[in-house]
Amino acid sequence: MSQELSKTYDPNAVEKAAYERELAAGAFHADPSVEAPAYTIVIPPPNVTGSLHMGHALDNTLQDVLIRWRRMEGRNTLWMPGVDHAGIATQTRVEKKLLEETGKNRYEIGREKLVAAIWEWKAEYGDRILEQLKGLAASCDWDRTRFTLDDMCARAVRQIFFDLFRDGHIYRGKRLVNWDPATQTALADDEVEHKETQSKFYHLRYPLTSGEGHVVVATTRPETMLGDTAVAVHPDDERYQKLIGQTVTLPLMNREIPIIADHWADPTKGSGCVKITPARDPNDYEVGLRHDLPMINVMHPDARINENGGAYEGLDRYAARKKIIQDLEAQGLVERIEEITNEIGHSYRSNAAIEPYLSDQWFVAVKSLAAPAIEAAKDGRLKFHPERYQRTYLDWLENLRDWCISRQLWWGHRIPIWHADGGDEADFEKAFSGDPQTTWRRTENGQGWLVCSMKDLAGDEVKGVTLERDPDVLDTWFSSALWPFSTLGWPESTPELKRYYPTNTLVTARDIITLWVSRMVMFGLYGLGELPFTDVFIHATILDGEGQRMSKSLGNGVDPLDIIATYGSDAMRFTLAHMTTDTQDIRLPVERDAEGRNTSKRFEIGRNFCNKLWNASRFAFMNLEGATRKPLDPKALPVEDRWILSRLQKRIAETQSALEAFTFHPAIDGLREFFWNELCDWYLEIIKPRVKEGGESGQAALQVLATCLDRSLRLFHPFIPLITETLWWKLNEVVPERGLPGHDELDSPELLVNAPWPKMRETLRDETAEKSVEQMIAITRAVREVRSEHKVGPKDTIPLEIAAASLPGLDEAGHIVREMAGVSEITCTQGGGASSDAATFHLEGVEYRVKGVVDQEAEKQRLEKQLEKLRGEKKALEGRLSNAGYVDRAPAHLVQESRDRLAQVETEIDGLAARLKG
RNA sequence: GGGCGAUUAGCUCAGUUGGCUAGAGCGCUGCCUUCACACGGCAGAGGUCACUGGUUCAAGUCCAGUAUCGCCCACCA
């Protein structure tokens with residue numbers, strides 16, 4: 001061996017080198033010209049503002065498992081990496097930085113300079129999270145790293161916007177939208193988070209203009225009253241029939257507003273009268289449209305009261321609320337104030353309370369786009385794992401309202417529309433007809449024109465009017481929705497697009513099924529006529545030990561970089577994959593380590609396993625040096641060899657089907673069990689004497705061992721790539737050729753990342769050997785228990801007697817019991833009783849006697865414990881068999897098994913009882 | 001208000017289409033510093049599968065309801 005391996009696995013000493021070697025070899029690079037079936041994953045692009053958290057670690061570990069597995073299977077594999085420009089989040093962050101540095105806000109800085117500053121910031125920090133992903137060993141094709149604002153993605157955005165506008169799926173109109181006063185932009189419905197809030201419910205009196213009393217209206221937002229233009233009652237509400245058509249005088253504003261009849265007013269709620277503020281409430285807006293009411297906007301974009309707010313102009317919304325209530329109370333117009341909890345919408349980025357705000361915005365009319373997306377899930381072309389998430393997707397798509405895509409921001413894809421205030425259709429015709437890259441349409445109010453173009457317009461193209469570019473940018477999710485194909489060069493017909501689209505699997509968390517997944521499906525189907533992917537794997541959300549979301553403000557987050565530093569990247573990946581069951585949440589109990597960092601003991605399972613793998617490999621390498629390889633007849637091998645080879649085949653098959661079903665926990669847990677329990681605890685221990693002795697048998701064992709280790713490294717590689725890669729090099733050095741010639745052979749390239757995935761070999765399956773060895777293991781365990789209970793010294797050997805004429809398989813497998821249980825000799829003796837110094841146990845109705853044990857009291861206790869257990873079982877079996885329904889209706893083989901078992905149990909009980917008596 | 005999920009050992013979780021005595025890791029107890037590994041080995045203790053009913057020969061598993069916790073969606077004044 002050129003270099004000794006350390007006694008304890010030290011991830012920091014090997015992980016970096018392993019990854020860099022894979023990287024340097026170009027192992028992650030995808031070549032569209034390679035003629036193999038493609039397997040593609042696009043990364044959920046992390047925000048440029050982001051840094052790696054546990055959710056990313058989990059998400060990307062699972063993607064890497066799938067990618068590395070498919071790559072080993074021989075697929076032409078592409079894992080497309082990249083980052084998202086994250087409009088609001090990024091702009092807000094840089095704005096804040098500039099405000100701190102220069103004291104200037106974005107309007108003082110100006111659009112051009114701010115955007116330039118954000119690009120600078122992006123150049124500096126934009127790739128940080130991708131660098132962090134490399135610490136996870138992510139095997140992305142880094143040469144293709146994309147950014148949602150780069151030229152390639154911009155081209156796709158422009159094209160799809162153009163197509164949608166031309167086809168009438170995009171429109172502009174004055175609508176009530178969700179307004180974020182903090183960042184001063186519109187938001188889409190699903191960018192609004194509803195939070196339970198303690199609020200006050202104000203019941204206000206509006207005096208009738210006639211002077212004959214008042215009506216009572218209720219609101220949680222009294223400042224909106226400044227914009228009230230009516231009071232509504234239900235048309236059938238008998239209490240108010242005579243008021244319909246009268247007017248009230250709006251307090252504080254002294255505006256006379258009508259009392260109208262509208263079905264929106266609910267007689268069962270409050271007084272049955274409802275104030276109507278069309279410019280401030282979605283329902284009131286509808287009422288306003290029906291009754292042609294004035295729509296008075298009383299707020300500035302930053303939520304201060306504007307010139308329509310009379311005396312309250314200039315006050316912030318909350319200050320205005322306070323003052324309005326004071327003033328109304330002074331006039332005796334507050335009937336009462338209740339404390340209530342209600343749900344208030346907040347911006348998912350700025351966390352500011354949303355105001356409904358009447359403004360001109362761009363929308364995607366989603367109904368016709370949603371229909372094919374719904375269809376695809378319903379007919380099974382698009383599959384969710386776990387299946388239940390299909391409902392989230394469908395519910396959302398089926399209740400979709402038009403998507404507001406314009407944002408009053410500067411960081412993003414600028415809307416490719418030019419406005420004209422007026423102009424004649426003929427002039428537009430003259431300027432653009434025959435230009436397939438430009439299309440135009442009347443504005444909604446019929447007075448101007450909207451021109452959409454694939455190329456930037458100068459503004460003077462049309463006679464008599466000036467074209468001005470729309471200042472808004474698109475919702476970030478608009479470009480994210482194109483990610484599976486914008487990154488491959490669409491709308492150009494690139495080799496990448498042809499080879500890798502549609503992609504295969506999307507791996508993400510459930511919170512963006514609506515924001516992202518559904519929109520990719522809609523746009524993929526619209527733009528390319530094909531689904532962007534066929535399978536969506538939704539993994540769990542990681543919570544802390546108390547079931548709370550990990551967050552910076554709570555200080556309960558575990559930083560993956562800390563875990564990598566202390567446990568290693570592979571240990572973290574192992575643990576994360578191991579935790580991936582189909583549950584919706586994962587709890588990760590958090591503790592502080594000595595350096596004050598948050599950590600979690602959960603990662604020990606991964607670290608411990610890596611150490612086991614390392615040391616078992618070390619043991620193998622020590623013995624494998626100079627081992628020979630030659631053709632073997634698997635059927636002629638010793639029983640333990642046939643057993644472990646057969647177990648290996650089963651594990652290969654299980655791993656394969658588990659990965660195909662996206663069930664990560666069973667996949668890695670099965671492999672763990674194979675390696676640790678079957679290979680290390682039993683096989684390795686069983687063959688030690690053979691190996692020590694050397695010779696033909698020892699050589700054969702080593703050849704089997706090398707094969708098992710080789711296949712294990714391959715199978716584990718997708719989960720824990722770096723340690724397996726490192727061990728692979730050593731294995732290549734020590735035993736360049738592995739496998740069983742003629743029976744199980746695979747190429748062993750220089751790097752494991754390029755090695756072929758193991759195949760299950762039917763000819764190496766051996767049920768007889770499995771049964772035989774499992775029986776020996778059971779006997780060994782029972783003897784060990786006796787030894788432990790009777791405090792037999794570790795080096796003392798003891799004889800074992802079997803109360804039977806013979807035991808099938810004993811000749812070839814008996815050595816396992818002798819060596820593993822410290823048994824000096826095994827004899828079969830039919831009939832006769834056990835000697836008084838013997839401890840007995842039963843397996844499958846056969847009595848075993850461990851001779852030379854002296855502690856009578858200990859033995860008595862052992863036997864009584866066993867007897868109690870057996871009597872319980874006997875009772876259960878008898879109960880079952882005396883039930884006519886069971887005997888008649890249960891499958892015959894189960895009934896027979898019960899009978900057989902009962903017979904065994906009875907024999908064993910008789911044996912034990914006799915023993916206790918004697 | 002609608003939808004979804006969880007409740008199994010002290011802790012974190014497995015448990016395939018209902019079928020022998022419900023498993024794992026950590027923690028705990030005893031033994032073992034045996035020439036791969038103490039981040040280890042061997043043996044062991046520990047559970048009326050949240051509760052109540054129902055279906056069935058048979059329920060942790062299927063159905064209905066209850067309780068507790070959590071998530072998502074929703075324009076209630």
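Proteins get letters first, then strands, A, B, ... in listed order; numbering begins at 1 in each.
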So, is W676(A) close to the rC37(B) phosphate, meaning a side-chain N or O under 4.0 Å from OP1 or OP2? no
What one-letter contact string describes nucleotides 1-6 of chain B from 5' to 3', where B marks a base within less than 4.0 Å of any protein heavy atom, S marks contact via sugar-phosphate atoms alone, and - marks no contact? --SSS-
So how far is it from T268(A) OG1 to D266(A) CG, rounded to the nearest 0.5 Å? 3.5 Å
Remember a base hit wins even if backbone is also touched, and classify R672(A) as base, sugar-phosphate or nothing at under 4.0 Å, heavy atoms. sugar-phosphate
Salt bridge present between E339(A) and K200(A) (N-O < 4.0 angstrom): yes
Check this for me: does the side-chain of K601(A) come within 3.5 Å of the base of rC26(B) through a donor and an acceptor? no
With a 4.0 Å cut-off on heavy atoms, is P891(A) in touch with a base, just the backbone sugar-phosphate, or nothing at all? base
List for me each residue that meets salt bridge (Lys or Arg N to Asp or Glu O under 4.0 Å) alongside E819(A), sequence neighbours excluded, and say none if there are none. none
Against the side chain of E685(A), the closest entry in rG41(B), rC72(B), rC37(B) is rC37(B)
Among rG25(B), rA77(B), rG41(B), which is the nearest nucleotide to the side chain of F201(A)? rA77(B)
Which nucleotide, rC75(B), rA38(B), rU21(B), lies nearest any side-chain atom of R880(A)? rU21(B)
Would you write the dot-bracket representation of RNA chain B, where each base gets (, ), [, ], | or . depending on whether it forms a Watson-Crick or G-U pair under 3.5 Å and with which partner? (((((((..((((.....[...)))).(((((.......))))).....(((((..]....))))))))))))....
Can you list, pair by pair, the side-chain donor-acceptor contacts under 3.5 Å of residues 270-280 of chain A, counting residues two or more places apart and other chains?
unit_1, atom_1, unit_2, atom_2, d
S271(A), OG, V216(A), O, 2.3
S271(A), OG, C273(A), N, 3.1
K275(A), NZ, T224(A), OG1, 2.6
K275(A), NZ, D228(A), OD1, 3.1
K275(A), NZ, T277(A), OG1, 3.1
T277(A), OG1, D228(A), OD1, 2.6
R280(A), NE, E355(A), OE1, 3.4
R280(A), NE, P356(A), O, 3.3
R280(A), NH1, N297(A), OD1, 3.1
R280(A), NH2, E355(A), OE1, 3.4
R280(A), NH2, P356(A), O, 3.4

Considering residues at least two apart in sequence or located in another chain, which fulfil the salt bridge (Lys or Arg N to Asp or Glu O under 4.0 Å) criterion with R290(A)? D262(A)
Quick one: which protein N/O atoms are closer than 3.5 Å to N/O atoms of nucleotides 43-50 of chain B? Pair and distance per line, please.
unit_1, atom_1, unit_2, atom_2, d
rA43(B), O2', S788(A), OG, 3.3

Which nucleotide sits closest to the side chain of R401(A): rA77(B), rC72(B), rC75(B)? rC75(B)
